[in-house]
Engineer: 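Before we start, here is the structure in question, set down as structure tokens.
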Amino acid sequence: MSVVTPRPQSSLRIKPWLRPLKRSLKAAAAAAALIYFIPEITIFYVLCGIYDAARNRPVSLEVLDKYFLGNGVGTWVMPPFNILLDLLCLPYRNKGVYKLEDLPEAYQQELRHVIDSAVQADLVTQLQEKTRDHARTMFFFKWYGANVDTTLQIPAFHADYRYVKTIGVSVFNKKEWTSKHFGYTRASLRVLYNINDSEDASAYIQVGAAVNYWRDNKLFIFDDTLMHQSINDSDKPRYCLFIDIVRPSLLPAVLGVVIDTIRIVAGRVNSIFYNRWKLLRA
């Protein structure tokens, strides 16, 4: 039997603080340099970033650390753009977490059609062999308004929709989860529908203080620029229909142009966004 020697207690106390401390010092040095050379722009971005981070409830050191230091450049570069989108969407207030009935009726009809089509297609049976050996798998049928060629033919997924822009299936194998993270743009809302049945509270998504257990509620709609985490701690895979819809607005066509632009810039299926996923064409 091998014997594992415990690390000194002083090391255990210091190391958990070492990495965020180094990140903070680097960020402070970079911010000081930016304030010196381009003070107005830097201060503007800092204020927008503080407002954006403060949208998360509860605001905590963890939120601030992950927002400014742990989620990549895109998180704190995008706030001015996202704040402009918030203004364009008025009088529809960003609720953060939504119920289906919070959306306009036309949105509800499109979502019901996509969800009903997914249930009728028996996607779990059709996809389980392809996902068996991967921790996390993503299938896209439509990406930011453009259809993706797939071997699995589900006509409803390639139909023309006014509000539904992305359709995919997210599969977590057993005992798999994401880290806490933020999305980048508020031109759209994220809609998840758990296709297979969950039997206990070990599979869920958390957005801030809101926790949705797939056992209790199969449909969950939220603003994915808020910090969130998806967890499947169960002993069987979790299959979620993955949909992006245009945010409710008096100018949906304008937001549609924004989404089309994102597709052109990011590519039809962006491997950068999903670099820890196995991207497959069903």
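Values reported hereafter were calculated over all heavy atoms of this structure, with side chains retained and with hydrogens, waters and symmetry mates removed.
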Engineer: Identify the heavy atoms of P79 and T75 that sit nearest to each other, and give their distance.
Structural biologist: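 Shortest heavy-atom separation between P79 and T75 comes out as CD-O, 3.2 Å.
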Engineer: Using side-chain heavy atoms (C-beta onward) and a distance below 4.5 Å, is V258 in contact with F81?
Structural biologist: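 Of all side-chain heavy-atom pairs linking F81 with V258, at least one is under 4.5 Å.
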Engineer: Does either side chain, that of D52 or that of Y67, offer a donor lying less than 3.5 Å from an acceptor on the other one?
Structural biologist: yes
Engineer: Flag the pair L241 / L192 as yes when at least one side-chain heavy-atom distance between them is below 4.5 Å, and no otherwise.
Structural biologist: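 With C-beta onward as the side chain, the pair stays apart.
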Engineer: Going through the checks in order, is the side-chain contact (heavy atoms from CB on, under 4.5 Å) test met by L103 and L189?
Structural biologist: CA-CA 11 Å; L103 303 175; L189 296 175; 4.2 Å; yes
Engineer: Under 3.5 Å, is there a donor-acceptor pair between the side chain of E129 and the main chain of Q126?
Structural biologist: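 Answer holds: no.
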Engineer: Does this structure show an ion pair linking D200 with R215, if we count only N-O contacts that are shorter than 4.0 Å?
Structural biologist: no
Engineer: For the pair N232 (side chain) and P237 (backbone), establish whether a donor and an acceptor sit closer than 3.5 Å, ignoring hydrogens and angles.
Structural biologist: no
Engineer: Is any side-chain heavy atom of Y144 less than 4.5 Å from a side-chain heavy atom of T261?
Structural biologist: no
Engineer: Checking the side chain of N212 only, and the main-chain atoms of Y204 only, is there a donor and an acceptor separated by less than 3.5 Å?
Structural biologist: no
Engineer: Apply side-chain contact (heavy atoms from CB on, under 4.5 Å) to the pair V148 and F141, showing each step before the final yes or no.
Structural biologist: CA-CA 5 Å; V148 178; F141 298 86; 5.7 Å; no
Engineer: Aromatic rings Y163 and Y107: how do their planes relate, parallel, tilted or perpendicular, breaks at 30° and 60°?
Structural biologist: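 Because their plane-to-plane angle is under 30°, the rings of Y163 and Y107 count as parallel.
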Engineer: Around L90, counting heavy atoms of other residues, nucleotides and ligands shown, do more than 12 lie under 6.0 Å from its CG?
Structural biologist: yes
Engineer: Among R247, R186, R190, which residue meets the salt bridge (charged side-chain N to carboxylate O under 4.0 Å, His left out) test with D224?
Structural biologist: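 Answer to the salt bridge (charged side-chain N to carboxylate O under 4.0 Å, His left out) test with D224 among R247, R186, R190: R190.
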Engineer: Does the side chain of I245 come within less than 4.5 Å of S188's, by heavy atoms?
Structural biologist: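 Counting from C-beta outward, S188 and I245 never come under 4.5 Å.
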Engineer: Is the distance between the ring centroids of F222 and F220 under 6.0 Å?
Structural biologist: yes
